[in-house]
Structures are given as structure tokens and as C-alpha cells.
Amino acid sequence: MTAPSERTSDSAVVRAVLDGNREAFELLVLRYQDALYRHAVRMTGQADEAIDIVQGSLLKGYESLANCHDAERVGAWLFRINANRCKDYLKNRRRRDLRLHEAASIESESGDPQDSAERSELKDQIEEALGRLSYEEREAFVLKHIEGLSYQEMSAGLGASIPALKMRVHRAREELQILLEEYR
């Protein structure tokens with residue numbers, strides 16, 4: 001049994017794992033852990049919790065890999081597991097205060113303390129406004145505008161239709177505009 005390499009397709013890696021090469025799953029971990037972590041930390045606002053969520057997602061993915069019906073799309077399948085674990089975390093904690101400290105940072109290029117303070121205040125306002133969105137709207141907005149996923153990728157990962165996702169992103173934008181106007 002040859003070891004999969006970085007160029008091995010996802011479906012070949014899945015086949016290798018299912019054929020007994022347990023170490024091959026490490027390649028999938030290396031391919032997807034960073035994206036899963038970014039999503040988890042942006043959804044939960046908690047870096048430590050995001051690590052736990054991703055580890056749990058990858059473990060669940062490994063244990064139930066035989067249930068992945070489209071091995072070429074194993075990344076989207078792992079993403080869905082991760083998204084569901086994020087949703088469960090938020091539901092169980094009844095958290096409404098999303099913090100995006102690891103999200104796209106708003107940094108001052110000029111080094112001006114006034115500018116830096118204004119950017120920090122704006123970042124806090126955006127974080128608070130995002131935390132007030134519904135879970136579905138926040139998730140769609142984060143995936144589209146922070147992660148930069150296409151609607152097709154979002155649909156594959158979330159199992160929602162593209163029109164539904166477009167509506168969620170649109171509603172999130174509108175709601176964010178209203179919420180951010182409150183700060184002016």
C-alpha cells in the first residue's frame with residue numbers, strides 16, 4: 001500500500017483510509033484543519049473552543065468516513081460536520097456575543113493612535129453587530145465576506161440552496177447596516 005502524497009486526490013485518500021491506511025487521514029487533516037479552524041473561531045468567537053470543535057469534527061469525520069457518500073467532496077463533508085458542531089456549541093451556550101478577534105483585523109497603517117482607536121472601536125461595533133444576527137445570517141455572512149467562499153462552496157458545505165444562501169447574505173448585510181447606523 002503506497003502512502004498518499006500531497007497531490008493525491010481526496011477520493012484516493014478516502015479510499016486509502018477505508019482500506020486500512022489510518023495514517024492517510026493525516027493528509028485530510030493537513031488539507032482542511034486551517035479552514036475548519038477559521039470557520040469555527042469566527043462562528044464561536046472563542047479560539048480555545050474552536051480548537052476543540054475542529055478536533056472533534058475531524059475525529060467524527062475519521063470515525064464515520066464510510067458515511068461520506070462523495071469522497072471527492074470530503075472537504076465539504078468535513079465542513080458540514082464542523083458547522084454543525086459550531087451550531088451545537090452556540091446553541092448549548094446560548095451565546096449571543098460573537099467575538100471576531102482572529103477575524104480580518106482592522107489595523108492602522110499610519111500608526112496614528114487616534115486612527116488606531118477609531119479602528120478598534122469600529123471593529124468592536126462590527127463584532128457586536130455580527131453577534132446580534134441570527135445564526136444562519138451570521139454564518140452565511142462570515143462564509144461569504146470573511147472566508148471568501150463562493151455560493152457553490154457554501155451550498156456544498158451547508159446543504160442549503162444557493163438562492164437561500166444569497167437571501168441570508170443579503171439579509172445579513174441589510175441588518176448589519178441598520179445595526180451599525182445605531183452607532184453613529
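All residue numbers refer to positions in the sequence shown, counting from 1. Note that the coordinates shown come from a computational prediction; the quantities given were computed from them, not determined experimentally.
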For Q33 against L58, the heavy-atom pair lying closest together: CB-CD1, 4.2 Å
Which atoms form the tightest heavy-atom contact between R80 and L158, and what is the distance? NH1-O, 2.7 Å
Hey, could you give me the CZ/CG distance between F79 and N84, rounded to the nearest 0.5 Å? 10.0 Å
Should E139 and Y135 be marked as a side chain to side chain donor-acceptor pair (under 3.5 Å) after you check the CA-CA gap, both sets of side-chain angles, and the distance that decides it? CA-CA 6 Å; E139 181 177 50; Y135 177 85; 3.3 Å; yes
Output for pair (E128 CD, R132 CZ), nearest 0.5 Å, gives 6.0 Å
Minimum heavy-atom separation for I53 and R85, please, with both atom names. O-NE, 3.4 Å
Nearest-0.5 Å distance that lies between atom CG in L179 and atom CG in L133: 6.5 Å
Any side-chain heavy-atom pair of L28 and Y62 under 4.5 Å: no
Cationic N near anionic O, under 4.0 Å, E147 to R42: yes
Under 4.5 Å between side-chain heavy atoms, counting indirect links through other Ile/Leu/Val/Met/Phe/Trp/Tyr residues: same cluster for L59 and V17 or not? no
Looking at E26, I want to see if its CD is surrounded by more than 12 non-hydrogen atoms of other residues, nucleotides or ligands under 6.0 Å. no
Mind listing the closest non-hydrogen atom pair of L165 and S155 along with its distance? CD1-N, 3.4 Å
Do V74 and L65 have side-chain heavy atoms sitting under 4.5 Å apart? yes
NZ-NE2 distance between K144 and H170, expressed to the nearest 0.5 angstrom: 14.5 Å
Stepwise, does the side chain to side chain contact (heavy atoms under 4.5 Å, CB included) test hold for Y89 with Q46? CA-CA 11 Å; Y89 170 80; Q46 304 292 321; 3.6 Å; yes
Are Y151 and M167 linked, directly or through other ILVMFWY residues, by side chains that come within less than 4.5 angstrom of each other? no
Output yes when a side-chain donor or acceptor of E153 lies under 3.5 Å from a complementary backbone atom of S150, and no otherwise. yes
Taking atom types as modelled, find out whether S11 and E72 have a side-chain donor-acceptor pair closer than 3.5 angstrom. yes
List the atom of L78, the atom of L36, and the distance in Å for their closest heavy-atom pair. O-CD2, 3.9 Å
Take atom CG of D48 as the centre, draw a 6.0 Å sphere, and report whether it contains more than 12 heavy atoms from other residues, nucleotides or ligands. no
How about K60 and N82: do any of their side-chain heavy atoms sit closer than 4.5 Å? no
Roughly how far, to the nearest 0.5 Å, is CZ of R38 from CD1 of I146? 11.5 Å
Closest non-hydrogen atom pair, A129 against L180: CB-CD2, 4.1 Å
Check whether I178 and L176 end up in the same hydrophobic cluster, where Ile, Leu, Val, Met, Phe, Trp and Tyr are linked by side-chain heavy atoms less than 4.5 Å apart. no
When you measure from the side chain of S9 to the backbone N and O of A12, does any donor-acceptor pair fall under 3.5 Å? yes
Residue R173 excluded, over 12 heavy atoms near CZ under 6.0 Å: yes
Does D10 pair with R31 as a salt bridge, N-O distance under 4.0 Å? yes
Would you say that Y37 contacts S57 through its side chain, given a criterion of any heavy-atom pair below 4.5 Å between the two side chains? no
Assess whether a salt bridge exists between R168 and E175, defined as any Lys/Arg side-chain N lying under 4.0 Å from an Asp/Glu carboxylate O. no
Report the C-alpha separation of N21 and R15 in whole Å, then their side-chain angles, then the decisive distance to 0.1 Å, and conclude whether the side chain to side chain contact (heavy atoms under 4.5 Å, CB included) test is met. CA-CA 9 Å; N21 184 349; R15 269 193 311 278; over 6 Å; no
